[in-house]
Undergrad: 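Supplied in structure tokens, the structure appears directly below.
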Amino acid sequence: MKQNRVIFLIFILLILLTTGCWDRKELNDRAIIIAWGFDLNKDGTYRGTTQFALPSKMGSGKSASQGNKAFVTVSGTGKNLYEAARDMQLKVSRTWFSGHRRVILIGEELARHGLATILDQLSRDPIVRLRADMFVLKGGSVQDFLELPYPLERLSANALVKMHEAAGLNPDLTLRNFLMAASSEESCPILPAVEKTDSPSKEGSEQTAPEMKLRGFAIFDKENRLVTYLPMKESFIRQWIVGKLNSNVFTVNIPGEKGNILVELDHLKRNIKTSQRGNKVSITVTLGGKGTIRENNTRLDLSESKNVILVQQELNRQTGKFVQKVIQEAQALGTDIFGFGEAFHRQHPYAWKGIKKEWANKFAEAEVIASLHLQVWEEGKLGPSGILKENEIKR
């Protein structure tokens with residue numbers, strides 16, 4: 001009987017411990033954050049803007065026009081980011097729920113001033129998801145940008161992430177990875193950049209043209225200050241070198257021909273080898289892939305193997321020249337955005353200890369060789385362009 005009493009008491013205690021959450025709050029009673037961002041004001045204060053979802057409009061089948069947005073934005077100011085956030089909360093009738101927040105947007109002036117303050121706040125705040133996606137806004141204000149509607153998405157902030165995915169950049173955008181790059185001695189951090197375009201809607205129509213555009217990448221130095229922007233075409237090369245690009249297209253100009261040939265590359269590969277002779281660092285970047293000819297705007301008959309070989313030679317030569325240019329531009333800034341420092345550290349761990357503190361200078365002075373091994377293995381439609389006459393075809 002005594003043993004049964006003990007079991008009964010334990011059972012009662014277990015029931016009391018599993019009675020539910022006493023401080024729970026219904027999701028309908030909270031303001032759902034989708035994105036937020038910060039600008040630096042001229043007086044040195046911060047302006048924060050948050051985009052909240054409107055659940056009542058999420059199921060609407062209407063387009064996301066200016067008058068039918070499924071979100072609302074709220075802004076606030078403060079001497080620091082926390083004060084700006086508190087000022088925003090004073091204008092919202094519900095407590096925040098940040099579990100669905102995906103995007104953090106940084107204004108250009110704040111990025112150029114430096115992200116030390118914002119990184120400290122974001123890394124300390126337990127409600128900030130380290131897998132949030134960070135973007136830099138080139139020009140304009142974060143407040144105006146987050147108020148833009150996007151016709152293909154109910155929530156315009158979600159369009160930013162999907163645009164990068166659709167572009168095939170296979171982006172690495174998370175706050176966590178930026179924090180890791182910012183604290184490392186091997187490379188400089190980057191963030192994807194976006195900008196507002198001038199695409200006004202047609203007069204008298206509720207339909208709006210997309211006003212958001214990818215701008216490539218924003219490059220930061222080791223002090224986490226924005227240095228410059230890497231355009232989209234160059235951004236694809238960077239992603240290729242770091243092994244995060246699945247496919248790309250190149251337009252090849254053929255000597256002696258007025259037109260050009262477009263080649264789509266896939267099966268992209270890369271290999272990085274580093275060495276050191278004295279104080280000089282040498283880096284060899286080998287890039288490979290297979291190409292398919294998608295357009296032929298020349299007189300070449302691509303059923304002839306010699307013409308395909310010519311296209312392949314020019315593809316390797318011109319692409320290699322462009323890759324070399326992208327790397328040299330980064331060297332001029334002393335910003336290693338390609339992971340060369342990481343490769344050197346991995347391949348020469350003992351030598352790395354002696355140069356890691358001056359890697360920016362070592363990278364800027366390094367001898368970098370880009371070696372391209374691209375194969376054109378399929379011509380698509382055999383033969384010359386279908387619009388050419390027989391006497392115009394170059395065999």
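Hydrogens, waters and symmetry mates are skipped; everything else that's a heavy atom, side chains included, is used. From a predicted model like this one, the values you see are computed outputs, not experimental measurements.
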Undergrad: Please enumerate all residues that pass salt bridge (charged side-chain N to carboxylate O under 4.0 Å, His left out) together with E342, with sequence neighbours excluded.
TA: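 Salt bridge (charged side-chain N to carboxylate O under 4.0 Å, His left out) list for E342, sorted by chain: empty.
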Undergrad: Who pairs with N279 by side-chain hydrogen bond (donor to acceptor under 3.5 Å, both in side chains), at least two apart in sequence or on another chain?
TA: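 side-chain hydrogen bond (donor to acceptor under 3.5 Å, both in side chains) list for N279, sorted by chain: empty.
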Undergrad: What closest approach, in Å, do L310 and L300 show between heavy atoms, and which atom pair accounts for it?
TA: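 Smallest heavy-atom distance, with atoms named: CD2-CD1, 4.3 Å.
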Undergrad: Between N41 (side chain only) and D43 (backbone N and O only), is there a donor and an acceptor less than 3.5 Å apart?
TA: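 Between the backbone of D43 and the side chain of N41 there is no qualifying donor-acceptor contact (under 3.5 Å).
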Undergrad: What salt bridge (Lys or Arg N to Asp or Glu O under 4.0 Å) pairs are there with at least one residue in residues 46-56, not counting sequence neighbours?
TA: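 Listed by first then second residue: D39-R47.
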Undergrad: Is any NZ, NE, NH1 or NH2 atom of the basic residue among K357 and E185 found under 4.0 Å from an Asp or Glu carboxylate oxygen of the other?
TA: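 Between E185 and K357 there is no salt bridge, as every charged N stays at least 4.0 Å from the carboxylate O atoms.
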Undergrad: What pair of heavy atoms forms the shortest contact from W352 to G341, and how long is it?
TA: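 Heavy atoms of W352 and G341 come nearest at CZ3-O, 3.7 Å.
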Undergrad: Tell me whether E257 contacts the main-chain N or O of T298 through its side chain, where contact means a donor paired with an acceptor under 3.5 Å.
TA: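 Here the side-chain-to-backbone pair does not exist.
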Undergrad: Indicate if I309 and I261 have the same hydrophobic cluster label, given that clusters are the connected sets of ILVMFWY residues with side-chain heavy-atom separations under 4.5 angstrom.
TA: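 Not linked; separate clusters.
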Undergrad: Which heavy atom of N253 sits nearest to which heavy atom of E314, and what is that distance?
TA: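 Closest pair (atom of N253, atom of E314, distance): O-OE1, 4.0 Å.
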Undergrad: So which pairs with a foot in residues 216-233 pass side chain to side chain donor-acceptor pair (under 3.5 Å), sequence neighbours left out?
TA: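 Pairs touching residues 216-233 that pass the test: E108-Y229.
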Undergrad: Could you state the interatomic distance from NE2 (H348) to OG (S275), rounded to the nearest 0.5 Å?
TA: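 With rounding to 0.5 Å, NE2 (H348) is 6.0 Å from OG (S275).
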Undergrad: Does T292 reach the side chain of R294, with side-chain heavy atoms less than 4.5 Å apart?
TA: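 Yes; the side chains approach each other to less than 4.5 Å.
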Undergrad: Say you draw a straight line from CG of L226 to CG of L110; how long is it, rounded to the nearest 0.5 Å?
TA: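 These two atoms lie 10.0 Å from each other.
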Undergrad: Any donor-acceptor pair under 3.5 Å linking the side chain of S183 with the backbone of M180?
TA: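 Judged by distance alone, yes, a pair lies under 3.5 Å.
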Undergrad: Do the side chains of T319 and L287 get nearer than 4.5 Å, heavy atoms only?
TA: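 Not touching, per the 4.5 Å side-chain cut-off.
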Undergrad: Apply the hydrophobic cluster definition, ILVMFWY joined by side-chain contacts under 4.5 Å directly or through others, and give me every member besides L333.
TA: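 V227, all in the cluster of L333.
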Undergrad: For residues F363 and G334, report the shortest heavy-atom separation together with the two atoms involved.
TA: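 Distance-wise, the nearest heavy atoms are CD2-C, 4.1 Å.
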Undergrad: Please find out if less than 6.0 Å separates the ring center of F322 from that of F250.
TA: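 Between F322 and F250, the centre distance exceeds or equals 6.0 Å.
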Undergrad: For the hydrophobic clusters of this structure (ILVMFWY residues joined by side-chain heavy atoms under 4.5 Å, transitively), does one cluster hold both V242 and M232?
TA: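 No, V242 does not connect to M232 through the hydrophobic network.
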Undergrad: Check whether any side-chain heavy atom of V142 lies under 4.5 Å from a side-chain heavy atom of I106, and answer yes or no.
TA: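 In short, these two side chains do not touch, never coming nearer than 4.5 Å.
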Undergrad: Tell me who clusters with L90, hydrophobic residues only, linked when side chains sit under 4.5 Å apart either directly or through other members.
TA: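 L90 shares its hydrophobic cluster with no other residue.
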Undergrad: How far apart are the closest heavy atoms of K353 and K356, and which atoms are they?
TA: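 Heavy-atom minimum between the residues: O-CG, 3.9 Å.
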Undergrad: Would you indicate whether the side-chain heavy atoms of F145 and V194 approach each other to under 4.5 Å?
TA: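 Contact flag for V194/F145 side chains = yes.
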Undergrad: Quick one: does S187's side chain have a donor or acceptor within less than 3.5 Å of a partner on G339's backbone?
TA: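 Pair absent, no side-chain N/O of S187 close to backbone of G339.
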Undergrad: F71: what forms a ring-ring contact (aromatic ring centres under 6.0 Å, His included) with it, not counting sequence neighbours?
TA: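 Here no residue qualifies.
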Undergrad: Ignoring hydrogens and geometry, is there a side-chain-to-backbone donor-acceptor pair from N307 to S303 under 3.5 Å?
TA: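 Looks like no, no N/O pair under 3.5 Å.
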Undergrad: Clusters formed by hydrophobic residues whose side-chain heavy atoms approach within less than 4.5 Å: which one holds L262, and what are its other members?
TA: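 Direct or chained contacts put L262 with V249.
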Undergrad: Treating R238 as the side-chain partner and I337 as the backbone partner, does any N or O pair qualify as donor plus acceptor under 3.5 Å?
TA: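 At least one qualifying donor-acceptor pair exists.
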Undergrad: Mind checking whether V161 and E165 have side chains closer than 4.5 Å, heavy atoms only?
TA: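 With C-beta onward as the side chain, the pair touches.
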Undergrad: Please walk me through it: do F340 and V285 pass side chain to side chain contact (heavy atoms under 4.5 Å, CB included)?
TA: CA-CA 9 Å; F340 293 154; V285 183; 3.5 Å; yes
Undergrad: Between OG1 of T251 and CD of Q318, what distance do you get to the nearest 0.5 Å?
TA: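 That separation rounds to 9.5 Å.
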Undergrad: May I have all residue pairs that pass salt bridge (Lys or Arg N to Asp or Glu O under 4.0 Å) and include part of residues 265-280, sequence neighbours excluded?
TA: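 Those involving residues 265-280 do not exist here.
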Undergrad: Check R112 with E109, please: is the shortest side-chain N to carboxylate O separation under 4.0 Å?
TA: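 Judged by the 4.0 Å cut-off on N to carboxylate O distance, E109 and R112 do not form a salt bridge.
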Undergrad: To the nearest 0.5 Å, what is the distance between CD (E195) and NZ (K213)?
TA: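 Taking CD in E195 and NZ in K213, the distance rounds to 5.5 Å.
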Undergrad: Tell me, do I327 and I241 make a side-chain contact under 4.5 Å, heavy atoms counted?
TA: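 Yes, at least one pair of side-chain atoms sits under 4.5 Å.
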Undergrad: Kindly state each residue pair satisfying side chain to side chain donor-acceptor pair (under 3.5 Å) with at least one member in residues 322-337, sequence neighbours excluded.
TA: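 Matches after skipping sequence neighbours: K325-E329, D336-W359.
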Undergrad: Rounded to the nearest 0.5 Å, how far does CZ of R215 lie from NZ of K138?
TA: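 It is 5.0 Å, given to the nearest 0.5 Å.
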Undergrad: Taking the side chain as C-beta and beyond, is there a heavy-atom pair between Y46 and T77 under 4.5 Å?
TA: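 Answer no - side chains too far apart.
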Undergrad: Determine whether a donor-acceptor pair (N or O, by modelled atom type, separation under 3.5 Å) exists between the side chain of Q51 and the backbone of L146.
TA: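 The answer is yes, because a donor-acceptor pair under 3.5 Å joins these two groups.
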Undergrad: Looking only at heavy atoms, which two atoms of Q312 and N316 are closest? And how far apart?
TA: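 So the two residues come closest at O-ND2, 2.8 Å.
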Undergrad: I'd like to know if the side chain of S156 reaches the main chain of L148, judged simply by a donor and an acceptor atom lying under 3.5 Å from each other, with no hydrogens or angles considered.
TA: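 Side chain of S156 to backbone of L148, a donor-acceptor pair under 3.5 Å: yes, one is there.
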Undergrad: Is the ring pair F178/F220 parallel, tilted or perpendicular, if the boundaries are 30 and 60 degrees?
TA: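 Answer is perpendicular, since the angle exceeds 60°.
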Undergrad: In the structure I gave you, are the side-chain heavy atoms of F344 and I283 within less than 4.5 Å of one another anywhere?
TA: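 No, side chains not in contact.
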Undergrad: Does W240 form a side chain to side chain contact (heavy atoms under 4.5 Å, CB included) with L265? I'd like the steps, not just the answer.
TA: CA-CA 11 Å; W240 190 358; L265 294 174; 4.1 Å; yes
Undergrad: Sort and list the pairs that fulfil side chain to side chain donor-acceptor pair (under 3.5 Å) and have at least one residue in residues 82-91, not counting sequence neighbours.
TA: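 Sorted pair list: Q89-W96.
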Undergrad: Only distances under 3.5 Å count here; give the side-chain donor-acceptor pairs of residues 366-374 to other protein atoms, sequence neighbours excluded, each with its distance to 0.1 Å.
TA:
residue, atom, partner, partner atom, Å
S371, OG, H373, NE2, 3.1

Undergrad: What's the separation between atom CD1 in I254 and atom CG in L315, rounded to the nearest 0.5 Å?
TA: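 I254 atom CD1 to L315 atom CG measures 9.0 Å (nearest 0.5 Å).
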Undergrad: Is there a side chain to side chain contact (heavy atoms under 4.5 Å, CB included) between T49 and W36? Walk through the geometry before answering.
TA: CA-CA 5 Å; T49 303; W36 71 350; over 6 Å; no
Undergrad: For K162 and Y150, what are the C-alpha separation, side-chain angles and deciding distance, and is it a side chain to side chain contact (heavy atoms under 4.5 Å, CB included)?
TA: CA-CA 12 Å; K162 293 185 178 181; Y150 192 83; over 6 Å; no
